[in-house]
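In what follows, a structure is listed as structure tokens, so that the remarks can point back to it.
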Amino acid sequence: VDKRFDTVDERFESVDKRFDAVDGRLEAMDKRFNFVDERLEAMDKRFESVDGRFDSVEGRLERMEQSQNSDVISLLKTIAKKQSEVELEYGYIAERVEDLGKKVFKIEKKLEN
């Protein structure tokens with residue numbers, strides 16, 4: 001009976017070591033995701049700043065539109081194009097974050113098994 005308990009204790013110690021290793025990996029992944037989150041937050045702030053600038057420029061251009069219609073239309077088209085490019089880039093980043101989330105989910109599932 002004592003040998004069986006010793007064997008069970010050894011198995012539990014082995015399982016504990018494995019869980020410790022998994023915990024270490026998960027902590028490393030958490031750190032990486034926190035880093036990614038920080039970078040995305042910084043990018044969000046930049047995009048908010050860019051959006052604010054676009055809003056400011058659009059407001060000015062709308063006021064100018066009354067007197068210089070054709071020039072304003074050209075400028076608005078340029079701004080719309082730039083804004084579209086920024087939105088496309090933001091969409092790409094959002095896609096990448098979603099892909100990373102899926103990969104983490106798969107890794108977590110593998111670790112659970």
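Within a 6.0 Å sphere centred on CZ of Phe19, heavy atoms belonging to other residues, nucleotides or ligands number 12 at most.
Side-chain polar atoms of Arg11 and Thr7 form no donor-acceptor pair below 3.5 angstrom.
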Output side-chain donor-acceptor pairs under 3.5 Å for residues 75-102, partner residues at least two apart or in another chain, one line each.
from, atom 1, to, atom 2, distance (Å)
Thr78, OG1, Ser74, O, 3.0
Tyr90, OH, Asp44, OD1, 3.0

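Ser49 has its side chain within reach of Arg53: a pair of non-hydrogen atoms, C-beta onward, lies under 4.5 Å apart. The shortest side-chain heavy-atom distance between Arg60 and Arg63 falls under the 4.5 Å cut-off. Within the 4.5 Å cutoff, the side chain of Glu108 has heavy atoms near those of the Val104 side chain.
Put simply, CG on Leu111 and CZ on Arg25 are 6.5 Å apart, with the number rounded to the nearest 0.5 Å.
Hydrophobic clustering, with ILVMFWY side chains joined whenever heavy atoms are under 4.5 angstrom apart, groups Val22 together with Phe33.
Looking at Glu112 and Lys109, a side-chain N of the basic residue comes within less than 4.0 Å of a carboxylate O on the acidic one, giving a salt bridge.
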